Amino acid sequence: MGKFPKFAAQNKAMLQLQTIRENKENIIIALKKRNIDAAPILSKVIELDEKRRSIQTELDNTLAESNKLSKEIGMLFKSGKAQEANALKEKTAGLKEASKQLGDDLNATATALQEELYLIPNIPHDSVPAGNSEEDNEEVFREGDVPTLTENALPHWELAKKYDIIDFELGVKITGAGFPVYKGKGARLQRALIAYFLDKNTEAGYTEMQVPLMVNEASGYGTGQLPDKEGQMYHVQADDLYLIPTAEVPVTNLHRDDILAESDFPIKYTGYTPCFRREAGSYGAHVRGLNRLHQFDKVEIVRMEHPNNSYQALDEMVEHVKNILRELKLPYRILRLCGGDLGFTSALTYDFEVFSTAQDRWLEISSVSNFETFQANRLKLRFKDENGKSQLAHTLNGSALALPRVLAGILENYQTENGIKIPEVLVPYCGFDTID
RNA sequence: GGAGGAAUGGCAGAGUGGUCGAAUGCGGCAGUCUUGAAAACUGUUGAGGGUCACACCUCCGGGGGUUCGAAUCCCUCUUCCUCCGCCA
């Protein structure tokens, strides 16, 4: 009878139910940092879970009984006692009816439970500060000199036009707003940055991957973009595929449904992909130029880790991104995101921001996060621990780095009266040292 | 796009209505032997739900159906392979 308990058996909870059952009060306290009162939803979840389990038990018993009868019928037929067999058959009708009903109930309950669970965000790490908005993020590090620019220093969108390296209007013509066209040295600088980032990442032990730019629904659920950020992704309806909003989605999903060995850790990937984001409703001065786009390039790093090691891995990723920014000689700071600004799926996130001198503001260029078991639970990404038991792995990712704002930072901070200087480490990749 | 074939445990591969959660081989793990290793031999080895622990239940690509009973029969979807067509 492979019909009914499918959903219950393959519970795709984001928080594990057992964790919720055992730590309800702690979870409520932790989620307060996100300004969420989780008490009602957790109560509902626990109630639905209890209901689900009691229906399951009842169904199991019914199935056990009808399995037993079926076996007896089989034996009777074999030994030629057809009449007795037929008599038993009649007894199974009621059981069949009952298991059908119970199966339907179970599915309905499991689905309702699932829907509730999908609404609960990840539990913030202890170090996450409480807070409502980006104002409450905590600066934990700052480095690099802010250059002194000339009087008539320009923001990057002016520089892009002046040197004819990025054409926003042309992008509007062929696609729409937020799809810039990079031209000549601008295009070359993009390519140089991608190559440079990939080289830095592979040197640090990340394996380069080229992955699909469209993903199916299961992948979207796996990393948590669905159902939370449904409206953020471009959806190709004819084929029911989503354009990726970040390489995190396809790269992390490489290990969906995997059961790893402990010796497989650490798993470290890097990948360059364009990223597509609808950014519905974002307009205004802060999204000018390269500040916010519908299509942009990003080089991502992704790790799968043993739970004991994931915070050390997070630190390594932070150090790694720092190194890159040091080499580029860009002034930057690191923020620990507060509960109110923390992404739905993340337990702890460090944002890197580069200072745009000409715009006189900080631009986010990297976001490095530990998801702990949140994604792994949806992905069914597990490993065998030393006792041979399956445990959820931890997943992490970070941008190393997002191109447009790095480019904006370079253009603005490296501008001189004689053109834009190319950061030293990029010159070999560009083949020129000035844009003029 | 058209015509056929296939999908089983980490891998390979049996299994065409009942005692099959599934033979066998390889791989993995543990042990014997060995100073150690290899070889050989012995044992063990899928995932999930449920339970204090058992019991018990579910899963043979996904979904649905037939039947007292489905890996096995039917429908449907997906994926892969072969041939044809098209094509960077």
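All chains are named by letter (A, B, ...) in the order of the sequence lines, taking the proteins before the strands, and each is independently numbered beginning at 1. Quick caveat: nothing in here was measured; it's all calculated off a predicted structure.
- Checking B:rG49, B:rC56, B:rG50 against the side-chain heavy atoms of A:Gln56 singles out B:rG49 as nearest.
- Qualifying ring pair (Phe, Tyr, Trp, His ring centres under 6.0 Å) partners for A:Tyr196, counting only residues two or more places apart in sequence or in other chains: A:Tyr429.
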Exercise. List the steps, then state whether side chain to side chain donor-acceptor pair (under 3.5 Å) holds for A:Thr273 with A:Lys298.
Key: CA-CA 6 Å; A:Thr273 69; A:Lys298 181 158 64 65; 5.9 Å; no
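- Atom CG in A:Leu102 sits roughly 13 Å away from atom C1' in B:rC57 (whole-Å rounding).
- B:rA53: no Watson-Crick or G-U partner with both key distances under 3.5 Å is found in any strand.
- Taking atom CG of A:Asn377 as the reference point, atom P of B:rG49 lies 10 Å away to the nearest angstrom.
- The aromatic rings of A:His294 and A:Tyr234 sit perpendicular to each other, their planes meeting at more than 60°, with 30° as the lower class boundary.
- The distance between atom CD of A:Glu262 and atom P of B:rG28, rounded to the nearest whole Å, is 18 Å.
- The same atom, C1', is picked in B:rG21 and in B:rU78; the two are 25 Å apart, to the nearest Å.
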Listing time: all N or O pairs from protein to nucleotides 16-21 of chain B that are below 3.5 Å?
{"residue": "B:rG18", "atom": "N2", "partner": "A:Ser70", "partner atom": "O", "Å": "2.7"}
{"residue": "B:rU19", "atom": "O4", "partner": "A:Lys78", "partner atom": "NZ", "Å": "2.7"}

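- B:rG13 and B:rA3 have their C1' atoms separated by 28 Å, with the value rounded to a whole Å.
- Contact of the A:Phe344 side chain with the A:Phe374 side chain is registered, since non-hydrogen atoms from C-beta on lie closer than 4.5 Å.
- B:rA39 is unpaired under the criterion used here, namely a Watson-Crick or G-U wobble arrangement in which both key atom distances are under 3.5 Å.
- Pair check for B:rA71 finds none; no Watson-Crick or G-U wobble contact set falls under 3.5 Å.
- Rounded to whole Å, the separation between the P atoms of B:rG15 and B:rG64 comes to 28 Å.
- Partner assigned to B:rU16 is none, using Watson-Crick or G-U wobble distances below 3.5 angstrom.
- For A:Phe383 and A:Phe265, the ring centers sit closer than 6.0 Å to each other.
- B:rG9 is unpaired under the criterion used here, namely a Watson-Crick or G-U wobble arrangement in which both key atom distances are under 3.5 Å.
- Comparing B:rG18 with B:rC77, their P atoms sit 29 Å apart, to the nearest whole Å.
- Here the P atom of nucleotide B:rG49 and the CG atom of A:Asp49 are 11 Å apart, to the nearest Å.
- Base pairing annotation: B:rC87 forms no Watson-Crick or G-U wobble pair, as no partner gives both donor-acceptor distances under 3.5 Å.
- Distances shown here put a side-chain N or O of A:Asn67 below 4.0 Å from the OP1 or OP2 atom of B:rC57.
- Across the protein-nucleic acid pair, A:Lys96 atom NZ and B:rU67 atom C1' stand 6 Å apart, rounded to whole Å.
- Figure legend. B:rC33 is base-paired to no nucleotide; pairs are counted as Watson-Crick or G-U wobble with both atom distances under 3.5 Å.
- Taking atom CG of residue A:Asn61 and atom C1' of nucleotide B:rU51, one finds them 12 Å apart after rounding to whole Å.
- When the nearest nucleotides of RNA chain B are assigned to A:Glu65 and A:Ile259 by heavy-atom distance, the more 5′-ward of the two goes with A:Ile259.
- Here the separation of B:rG61 from B:rA71, taken at their C1' atoms, is 12 Å to the nearest Å.
- In this structure, A:Asn137 contributes its side chain and A:Cys338 its backbone to a donor-acceptor pair below 3.5 Å.
- Across B:rU72 and B:rC84, the matching P atoms stand 34 Å from one another, rounded to whole Å.
- In this structure, A:Lys100 places its NZ atom 16 Å from C1' of B:rU67, rounding to the nearest Å.
- Comparing B:rG50, B:rU58, B:rG48 by their nearest atom to the side chain of A:Arg382 picks out B:rG48.
- For the pair A:Lys268 and A:Tyr206, the cation-pi criterion (under 6.0 Å, within 45° of the ring axis) is fulfilled.
- Here B:rG48 presents its C1' atom at 16 Å from CD of A:Gln391, a figure rounded to the nearest Å.
- Applying the Watson-Crick and G-U wobble criteria (two distances, each under 3.5 Å), B:rU82 pairs with B:rA3.
- In this model, the phosphate group of B:rG50 is approached by a side-chain N or O of A:Arg52 to a distance below 4.0 Å at OP1 or OP2.
- Comparing the P positions of B:rA23 and B:rU44 gives a spacing of 13 Å, expressed to the nearest Å.
- Taking the C1' atoms as reference points, B:rU42 lies 31 Å from B:rA55, given to the whole Å.
- Residue A:Glu319 qualifies as enclosed at atom CD: its count of foreign heavy atoms under 6.0 Å is above 12.
- Set against B:rG48, B:rC68, B:rG49, the side chain of A:Asp60 has B:rG49 as its closest nucleotide.
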Could you list the donor-acceptor pairs under 3.5 angstrom formed between side-chain atoms of residues 27-34 of chain A and any protein atom two or more places apart in sequence or on another chain?
{"residue": "A:Lys33", "atom": "NZ", "partner": "A:His125", "partner atom": "O", "Å": "3.1"}
{"residue": "A:Lys33", "atom": "NZ", "partner": "A:Asp126", "partner atom": "O", "Å": "3.1"}
{"residue": "A:Lys33", "atom": "NZ", "partner": "A:Val128", "partner atom": "O", "Å": "3.0"}
{"residue": "A:Arg34", "atom": "NE", "partner": "A:Asn122", "partner atom": "O", "Å": "2.9"}
{"residue": "A:Arg34", "atom": "NH1", "partner": "A:Leu342", "partner atom": "O", "Å": "3.1"}
{"residue": "A:Arg34", "atom": "NH1", "partner": "A:Gly343", "partner atom": "O", "Å": "3.1"}
{"residue": "A:Arg34", "atom": "NH2", "partner": "A:Asn122", "partner atom": "O", "Å": "3.0"}
{"residue": "A:Arg34", "atom": "NH2", "partner": "A:Gly343", "partner atom": "O", "Å": "3.0"}
{"residue": "A:Arg34", "atom": "NH2", "partner": "A:Ser346", "partner atom": "O", "Å": "2.8"}

